[in-house]
2 protein chains.
Amino acid sequence: MLQGRTLAAGLSAAIRNDILTGFYKAGDPLRQEQLAERYQVSRIPVREALLQLESQGLVAVMPHRGFVVRAMSAVELKDIYHIRMVIEPDLVADATRSPAAQKLFIEAKKVLDDSLKAMADKGPSDEYSALHQRFHGLLIEGSNRVRSIEVVKRMHTLCERYIRLHLSLHQGRPNEEHNKIIEACLAGDAEAARHHVLTHLECTMNDLLEELDTDPVEDARE
Amino acid sequence: MLQGRTLAAGLSAAIRNDILTGFYKAGDPLRQEQLAERYQVSRIPVREALLQLESQGLVAVMPHRGFVVRAMSAVELKDIYHIRMVIEPDLVADATRSPAAQKLFIEAKKVLDDSLKAMADKGPSDEYSALHQRFHGLLIEGSNRVRSIEVVKRMHTLCERYIRLHLSLHQGRPNEEHNKIIEACLAGDAEAARHHVLTHLECTMNDLLEELDTDPVEDARE
DNA sequence: CCCTCTCACTTTGTATACAATCTACAATTA
DNA sequence: TAATTGTAGATTGTATACAAAGTGAGAGGG
């Protein structure tokens, strides 16, 4: 377990996963010694991983008081989706225009199929969710806009927790949208791809905001 | 020196500053022991600071081989400005609509004046540059879109090095644009503010790209 | 009764020490 | 000569130990 090139790198992914799957919930304190025990390493790599997650916006830190899992307000969720909406469609369109990206799209298609199978077999699960995130990642990977890719992926990760809470939504319309997107990409139709991505993001955001209205999430604390 | 709540926090800012001012240049290795000596701390907080800078995209790390200052290609610079162009104008417009932001704009006006004075006194300098960055920061601070603010500030920091290399550009048109922006903000004209910010970013990007064409920068290394 | 101060305890932050990995150059072999 | 291996030195990565800051319960005073 945790075999990366360095411990901290793998740890950061492991803790992120534990946050995304809800093992650690918004507001939970992340005690260094406790994490060190859980992952069987010393506090140093734990601290390094936590600081990286802090830079990525998943956890908050108060000096000498420790780390906590950051919560998210509806305003913040909207902001995050807004960022994705003004960048992600362009990235997919860019990738669609690049011939080299075709093999990424083919893999994306495979990942999408896998995710549908996972959903059919086990219903909404962490496995489905991870595949879904990977699908979106592959769509933009073919663009050569490295920084934009980074930003979009980070924003996706930030709202991933909330997507997972409402995965049941993913059984109807969103999957049709995913299909339309990947078909447009495979067909090389950049404009259609852009359009479908934007629509997908808009709808997903609205769905999530509706859910949050009925089941409000506490705001990020100081 | 370096009196923050924690050493690592201050260190990260100090190293960032040393990168932005060109003390450490693109491609330079950042040896931990050397930095520890320079800032008079042990290697642990140095590592933590470097990892944070890595998360912020300013330095790159190869496990067991060390950290280096990341370089930037013209493509990347364009990408970064593109991100700013699709987010920053909206943020300033948002802030302009919020009454609470007025006092931020007043401070921004003061900072702008200070920067002009600094430019008149000493010409293009690190001091001017820092004030310029602070000016842009204050313009968006009044929006309540926390994540967007974070992204824009980070992108600004990433290209700040290249802005500093060509500060002589800042003596003519850019300052007129800054004036138009702050006047629109103080007058509460959100649409004008948005327009002037977008124009400013477009022009600045084009200027920088032109400079890079004549004086090419090495691409980021593996 | 409430406020404040103290002091033990918990938790974080940093320094030092040690282990693992990489780099470069010399020695060996085909 | 060219390729490969071995080894010393340098550098990074992690564990342990210690210092500093925060927390909370109980004593004492208003």
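Proteins get letters first, then strands, A, B, ... in listed order; numbering begins at 1 in each.
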CD of Glu33(B): more than 12 outside heavy atoms within 6.0 angstrom? no
I'd like to know if Arg134(A) pairs up with Glu107(A) as an ion pair, taking the criterion as any Lys NZ or Arg NE/NH1/NH2 lying under 4.0 Å from an Asp or Glu carboxylate oxygen. yes
Test applied, side chain to side chain donor-acceptor pair (under 3.5 Å); reference residue, Lys153(A); option that passes from Glu141(A), Glu88(A), His136(A), Gln133(A): Glu141(A)
Taking CD from Gln34(A) and P from dT10(C), how many angstroms apart are they, rounded to a whole number? 14 Å
Check Thr21(A), Ile19(A), Ile15(A) against Asn17(A) for a side-chain contact (heavy atoms from CB on, under 4.5 Å) and give me the one that passes. Thr21(A)
Going from CG on Leu77(A) to CG on Leu209(A), what distance comes out if it is rounded to the nearest 0.5 angstrom? 5.5 Å
How does each nucleotide of nucleotides 10-21 of chain D score, in 5' to 3' order, for protein heavy atoms under 4.0 Å: base (B), sugar-phosphate only (S), or none (-)? -SBBBBB----S
